[in-house]
There are 2 protein chains.
Amino acid sequence: MEHTTEREIFERYVHRRGGRLTAERLRLFDEIFNQHGHVDADRLYRSMRRQGRKISRATVYRNLELLVDCGLVRRQRLGQRRYLYEHVHPGQSHDHLICRMCDRVVEFVSPGISALQRELARAHGFDPTEHTLQISGICLDCAGRASTETAASEES
Amino acid sequence: MEHTTEREIFERYVHRRGGRLTAERLRLFDEIFNQHGHVDADRLYRSMRRQGRKISRATVYRNLELLVDCGLVRRQRLGQRRYLYEHVHPGQSHDHLICRMCDRVVEFVSPGISALQRELARAHGFDPTEHTLQISGICLDCAGRASTETAASEES
DNA sequence: GTTCTGTTGAGAATAGGTCTCAATAAGCCG
DNA sequence: CGGCTTATTGAGACCTATTCTCAACAGAAC
């Protein structure tokens, strides 16, 4: 239940590839696993710099790629132009609702989707590895704000 | 059943916004509605230049945005870094299977998803406007090619 | 035709990510 | 520990796709 497990997976993965456990690499690992939800590369970079860690952007990107390759981190574009990274919780894949007004991202788990994925992929001769479902719409807060404003300028 | 209808929607939309029906705008409309499947901005640009149309990239992007705003065109990132555009066929939303080896994109229609979208959005207080479901995996061709290669180098 | 103002083209600017390469430092061995 | 090999790093150049800027242009209304 501790991070130990994922850390071990990571260390083994790095070794298997003939890689090295550098200080920067392990710090980035800790950094992303201490965040919850989505982070973008730049935020990780800045957050580490703020802590006085000397690390370069290139290293952040390189090691994020490594984490993605070993399956511990998922990289996605959720509407915006930049990639967002989040750690994978094995066995409990989730998807995202995105508010098109405030860009808020809400995670949800829908058991139905995996089955749907398998079925659809099979029907087209695909061997599915993963899916991404993004539902965009307007969240409660923004809907409230919008209707207030509309009411205020109602006149025609 | 003719394009006329969509063209009319577009013209009305432009007028409602106080916009003008410029030659470039209408040519881009024709161009994208003559393509089937997905196109990226650059391909539209080059295709129009090839036909001797004088148009700039900026204009292509600006008018694609207009088409997206008026709901006739959908803009998505299907894995790659660039946006892909496709015309919307009202009432028959589809989603995409993407081969992670050859980047091939296959469209599919799944009636179940709209219902799922509504249900999930409601559960989280969202007013859903649209969804994007991308399933990535390996297509038949690539799977075949991969297994052949694996067999060829089988020895351990 | 004139006027008003939205639109265009060309290229500069931006954003986010990737690449280069000399310097550094894991990991391994004695 | 000290040395060696080579993966990794940092800084900044580079790349690509898209957006922005602004003077010139051209729809639309009269």
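Below, chains carry the letters A, B, ... as their sequence lines are ordered, and counting in each starts from 1. Computation of the quantities below employed the complete heavy-atom set of this structure, encompassing side-chain atoms and omitting hydrogens, waters and symmetry-equivalent molecules. For clarity, every value in this text was computed on a predicted model and none was experimentally measured.
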Task: For A:Y45 against A:R57, the heavy-atom pair lying closest together - done: CE2-NH1, 3.3 Å
Open item on the list: Students often get this wrong, so: under 4.0 angstrom with heavy atoms, is B:R75 touching a base, only sugar-phosphate, or nothing?
Closed with: sugar-phosphate
Task: Length of the CE-C1' vector between B:M48 and C:dG9, whole Å - done: 13 Å
Open item on the list: When you measure only distances, ignoring hydrogens and angles, does the side chain of B:R62 come within 3.5 Å of the base of C:dG9 through a donor and an acceptor?
Closed with: yes
- [ ] Grab the CD-C1' distance between A:Q80 and C:dA15 for me, whole Å please.
- [x] 14 Å
Open item on the list: Of the options C:dG17, C:dG27, D:dA11, whose atoms approach the side-chain atoms of A:L21 most closely?
Closed with: C:dG27
Open item on the list: Looking at the base of C:dT5, is there any donor atom on it, or on the side chain of B:R20, that sits under 3.5 Å from an acceptor on the other one?
Closed with: yes
Task: Short N-O contact, A:R12 and A:E8, less than 4.0 angstrom - done: yes
Open item on the list: Base, sugar-phosphate or nothing for B:R25? Non-hydrogen atoms, less than 4.0 Å.
Closed with: sugar-phosphate
Task: Given DNA chain D, 5'-ward residue of the pair B:A58 and B:T22, judged by closest heavy atom - done: B:A58
Open item on the list: Whether A:N63 contacts D:dT9 is assessed here as follows: a side-chain N or O lying under 4.0 Å from the phosphate OP1 or OP2. Is that the case?
Closed with: yes
TODO: Counting heavy atoms from C-beta on, name the nucleotide in D:dT19, D:dT9, D:dA17 closest to the side chain of B:R82.
DONE: D:dA17
TODO: Using a strict cut-off of less than 4.0 Å between a Lys/Arg side-chain nitrogen and an Asp/Glu carboxylate oxygen, indicate whether A:D141 and A:R145 qualify as a salt bridge.
DONE: no
Task: Basic-acidic side-chain contact under 4.0 Å: A:R27, A:E31 - done: no
TODO: For B:G19 and for B:D42, locate the closest nucleotide of DNA chain D by heavy-atom distance; then report the residue assigned to the nucleotide nearer the 5' terminus.
DONE: B:D42
